[in-house]
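Below you will find the structure I want to go over with you.
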Protein chains: 2
Amino acid sequence: MSSVPLFWFWHFCGGGLAIEAAGGRITVHDLARAAGVSLATVDRVLNGRPGVRPATVARVEEAIARIGFRRDLTASMLARARDIRLAFILPEGTNQFMARLAEAVETVGAQARGERMVFELDRIRSIDAQALADALDAIDAETHDGAVIVAIDKPAVHAAVARAVGRGLKIVTLVSDLPGSARHAFVGIDNVAAGRTAGGLMGRFCPNGGRVVLVAGSMGLIDHAERVSGFRDIIGSEFPGLEISGPIEGQDAFALTYENALAFFRENPDIAGVYNVGAGNAGLIMALAEAGLAGKVRFVAHELTGPTRAGLGSGVIDVVLDQSPEDEVRAVWAAMRRLVLGPDAAPPETPIEIKVFLRDNLR
Amino acid sequence: MSSVPLFWFWHFCGGGLAIEAAGGRITVHDLARAAGVSLATVDRVLNGRPGVRPATVARVEEAIARIGFRRDLTASMLARARDIRLAFILPEGTNQFMARLAEAVETVGAQARGERMVFELDRIRSIDAQALADALDAIDAETHDGAVIVAIDKPAVHAAVARAVGRGLKIVTLVSDLPGSARHAFVGIDNVAAGRTAGGLMGRFCPNGGRVVLVAGSMGLIDHAERVSGFRDIIGSEFPGLEISGPIEGQDAFALTYENALAFFRENPDIAGVYNVGAGNAGLIMALAEAGLAGKVRFVAHELTGPTRAGLGSGVIDVVLDQSPEDEVRAVWAAMRRLVLGPDAAPPETPIEIKVFLRDNLR
DNA sequence: AATGAAATGAGGTACGTACGCCAAAATCAT
DNA sequence: ATGATTTTGGCGTACGTACCTCATTTCATT
């Protein structure tokens, strides 16, 4: 190996007055020179510190655009004394999906730590707007850069978000949004599209027509309602041979879903398909087995969890639509990077994809 | 609010006699002290430089494990004057998929540049083993860190890969692997699983049985052959009501696919489904239209390109299975990071997913 | 035991940005 | 014009790793 100290090279060919060194990058020094200001002023502008005249800010920004300056994030992260700290506030409880989300926060968090980003996980009482608001208020803007919440659409939460943003925190909503609030970004899937995808599959699965039944946790949950709506759309417009019953509501609970579904199946043994927009899949599978319908009925479910995975394996469930919590947490990570460090910090946001799983493309 | 910073957990349960300072990270200095060697030796071990006795290497590695040292990638990237340089060698030609791949190399490359990784794109004559070998031989290990190739399973390529690895280059195969060679990693989907997924969908789409026809570019292409094989597996074992014809081969070319398919449809107007494992979708769509079968036949295709996207939109194609080139290039990026910078540099590899698209979950 | 090679130590500069401090200059109010 | 205030400049240090040079120690050979 012919060792050529690279920094020598840099000095010789880039050190002069050139704004852009041959092989080198454009640094804050180049920017200062190009804008005709000092390094200190450049720093003030770049980091939004006070004490710079608007005219000067404009000069610097013009120079940024002109010479194509992009701040080096590796150096930037290195120089910041403290890591980026995020608080994830998730509802507690036995909900399978929230458990997956919490797990994703840990696994993705372990990777993020290598890039100087620290995730904290707070669990609060489920569907408790005041608990969420309190948790948000408790976050200190001195020690944290932002918070991630699964939003509940209540005034108390709106107010707490506004206060948090006022303190300088970055707020991202996850899975469930808070439209019209001060939150900076939302990360989650398009649930109407998910319902429509389910409808498209179910329609094709049942070319001979028949009755399809909807199952949900509660139509009071926005994401469930949206999925139902998308499903109805597609079936209504493209598969007129299918009739829709339900939704049967089971509060995403095993026992209740089982009972309500079994009662329905007993009365309608000629059912052609089932679409569960919610979480009570274990109970639903049991009810199907009990009614002697397992495998004879097309079954579309949501969220790749223990029960749905098993259902795919045994052939009871045909398709599972999934929103990957890992992808979502990763998207939060990217969004927070760009919110905290500036627009260069992350790739442009791509919407979270709805993943379609059959037995054969299970990961 | 029970706030549990995740890294505390690490320190408490894994840190042991942790040497590190209260708020700071574990640095190479700590590591040197813990291993009882100098900074220079630590550096030699960490960066695989020669001139360290095996026993000393072991001492340092033991210390790394003991105190939980993880090299700070931000600092590491900052300190290496040079960016990571990769050469992507892709076959030229009108192939839609390769065009998508090339595009992905550019778009993902633009993001990667922000993290000091540079992608170079070389195009070579299609399916020309010698051209590939030559291109590989032409890569200078002084200026490049690695190469990414769509492998062709020929001795000349095996030899060139071995030479490249000998020069210190990291080699990753993309889409098409080179098992048994010296290449460091492979990035691509499981094509047998893709074929099985297609079979599972097609079977459920045709509950009344019937004849399904396979279309391929050439059974000489390994990925096409694997998809056909997976499809046959599933249909044979789970959907005995379906009969399989073909494969019709069209060399992935518009005209040939159109002609061969049209001839087949003319003779078999009662067809129930089509599965095209290859690329000639535009010709196939035209043949279906010509035969008056568009929309009446279940159609599963591969790769989300212009024609397949349009086909989904118009309802001619029911499902498109996709291997996202962007994901693949990103996976290459991660794999190369860890190959060049060490195991901490990238998340553990996840297999590339087979994506399932209907009209309703199109991105 | 002498000799040369290999292994290790000591210490430095560099990467590009963050951030702090204090002085100098420009601007404003009086 | 004077003093008060805001804006800007100059300079230094820090972050953690890479990679260079040169001095010193250890080890195997003869």
Side-chain angles (χ1 to χ4, degrees), chain A residues 1-12 14-15 21 23-33 35-60 69-84 114-116 340-342 344-345, chain B residues 20-21 23-33 35-60 64 69-84 114-116 340-342 344-345:
Chain A
M1 180 162 110
S2 77
S3 69
V4 177
L6 294 162
F7 46 92
W8 289 8
F9 174 80
W10 282 40
H11 284 313
F12 289 144
R25 342 173 60 79
I26 302 172
T27 74
V28 280
H29 295 85
D30 304 315
L31 177 53
R33 213 175 314 138
V37 299
S38 76
L39 223 52
T41 299
V42 163
D43 180 66
R44 291 180 186 113
V45 172
L46 283 179
N47 296 290
R49 281 182 252 279
V52 184
R53 236 174 321 166
T56 312
V57 174
R59 274 238 307 289
V60 173
F69 169 81
R70 310 189 68 209
R71 112 166 75 190
D72 185 321
L73 293 170
T74 45
S76 171
M77 286 303 282
L78 180 58
R80 306 172 46 102
R82 92 196 158 129
D83 299 348
I84 294 179
E115 301 191 22
R116 292 167 164 259
V340 175
L341 295 177
D344 294 343
Chain B
E20 100 296 337
R25 349 174 49 82
I26 302 173
T27 74
V28 280
H29 295 85
D30 303 315
L31 177 53
R33 211 174 319 133
V37 299
S38 75
L39 224 52
T41 299
V42 163
D43 180 66
R44 291 180 185 113
V45 172
L46 283 179
N47 295 291
R49 281 183 253 280
V52 184
R53 235 174 322 165
T56 312
V57 174
R59 273 240 305 290
V60 173
I64 290 176
F69 169 80
R70 310 188 67 203
R71 108 167 81 190
D72 185 322
L73 292 170
T74 45
S76 169
M77 286 304 279
L78 180 59
R80 28 186 311 144
R82 200 171 69 129
D83 297 349
I84 293 177
E115 301 192 22
R116 293 167 165 256
V340 174
L341 296 177
D344 293 343

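Proteins get letters first, then strands, A, B, ... in listed order; numbering begins at 1 in each.
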For this session: Send over the distance from Arg33(A) CZ to dG9(D) P, rounded to a whole Å.
Result: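 Value for this atom pair: 14 Å.
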Exercise. Within the pair Thr27(B) and dG16(D), is there a side-chain N or O less than 4.0 Å away from OP1 or OP2?
Worked result: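 Answer no for this pair, as no side-chain N or O of Thr27(B) is under 4.0 Å from OP1 or OP2.
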Exercise. Looking at Ser76(B), does any N or O in its side chain come under 4.0 Å of the phosphate oxygens OP1/OP2 on dA18(D)?
Worked result: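 Ser76(B) to dA18(D) OP1/OP2: side-chain N or O found under 4.0 Å.
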Exercise. Would you call Asp43(B) and Val28(B) a side-chain contact if the rule is heavy atoms closer than 4.5 Å?
Worked result: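 The answer is no, as the side chains (C-beta and beyond) never meet within the 4.5 Å cut-off.
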Exercise. Considering only side-chain heavy atoms of Thr56(B), which listed nucleotide, dT17(C), dT8(C), dT8(D), is closest?
Worked result: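 When the side chain of Thr56(B) is considered, dT8(C) is the closest of dT17(C), dT8(C), dT8(D).
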Problem set entry | OG on Ser38(B) to NE2 on His29(B), rounded to 0.5 Å |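 Rounded to the nearest 0.5 Å, the NE2-OG separation comes out at 11.0 Å.
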Exercise. For Ile84(A) and dA18(C), what is the distance between atoms CD1 and P respectively, to the nearest whole Å?
Worked result: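 Nearest whole value for this atom pair: 12 Å.
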Problem set entry | Out of dT17(C), dC15(C), dT8(D), whichever nucleotide has its closest atom nearest the side chain of Asp72(A) |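 Selected nucleotide (nearest to the side chain): dT17(C).
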Problem set entry | Distance (rounded to the nearest 0.5 Å) between Leu31(A) CG and Ile26(A) CD1 |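 Result: 9.0 Å between the selected atoms.
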Exercise. Rounded to the Å, how far apart are Asp43(A) CG and dG9(D) P?
Worked result: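 Rounded to the whole Å, the gap is 12 Å.
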For this session: Round to the nearest Å and state the distance from His29(A) atom NE2 to dC11(D) atom P.
Result: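 Rounded to whole Å, this separation is 12 Å.
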Exercise. Distance from Asp72(A) atom CG to Met77(B) atom CE, nearest 0.5 Å?
Worked result: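 One finds 9.0 Å between CG of Asp72(A) and CE of Met77(B).
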For this session: Taking only the side-chain nitrogens and oxygens of Thr41(B), find out if one of them lies under 4.0 Å from OP1 or OP2 of dG9(C).
Result: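 For Thr41(B), the contact criterion (side-chain N or O under 4.0 Å from OP1 or OP2 of dG9(C)) is met.
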For this session: Could you state the atom-to-atom distance from CG of Leu39(A) to P of dC11(D) in whole Å?
Result: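 These atoms are roughly 11 Å apart.
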Problem set entry | Residue whose nearest DNA chain C nucleotide is more 5′ - Arg53(A) or Gly51(B) |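 Upstream on the strand: Gly51(B).
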Exercise. Closest to the Arg71(A) side chain: dT17(C), dG16(D), dA18(D)?
Worked result: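 So the nucleotide nearest the side chain must be dT17(C).
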Exercise. Starting at CG of Leu46(B) and ending at P of dA18(D), how long is that distance when rounded to a whole Å?
Worked result: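 Leu46(B) atom CG is separated from dA18(D) atom P by 7 Å.
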Exercise. What distance separates Asp30(B) CG from Ile64(B) CD1, expressed to the nearest 0.5 Å?
Worked result: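 Result: 12.5 Å between the selected atoms.
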Problem set entry | Nearest listed nucleotide, side chain of Asn47(B), among dT8(C), dA18(D), dT17(D) |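 It is dA18(D).
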Problem set entry | Proximal nucleotide (of dC27(D), dT17(C), dC15(D)) relative to the Leu78(A) side chain |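 That would be dC15(D).
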Problem set entry | Separation of dG9(D) C1' from Arg59(A) CZ (nearest whole Å) |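 Going from Arg59(A) (CZ) to dG9(D) (C1'), I get 13 Å.
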Problem set entry | Under 3.5 Å donor-acceptor pair, Arg44(A) side-chain atoms to dG9(D) base atoms |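 Side chain to base: pair found, below 3.5 Å.
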For this session: Identify which nucleotide among dT17(C), dC19(C), dG10(D) has an atom closest to any side-chain atom of Phe69(A), counting heavy atoms from C-beta outward.
Result: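 Nearest to the side chain of Phe69(A) among the choices is dT17(C).
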Exercise. Arg49(A) CZ to dT17(C) C1': how many Å, rounded?
Worked result: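 Interatomic distance, CZ of Arg49(A) to C1' of dT17(C): 10 Å.
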Problem set entry | Ala40(A) side chain, from C-beta outward: closest of dT27(C), dG9(D), dT17(C) |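 The nucleotide sitting nearest to the side chain is dG9(D).
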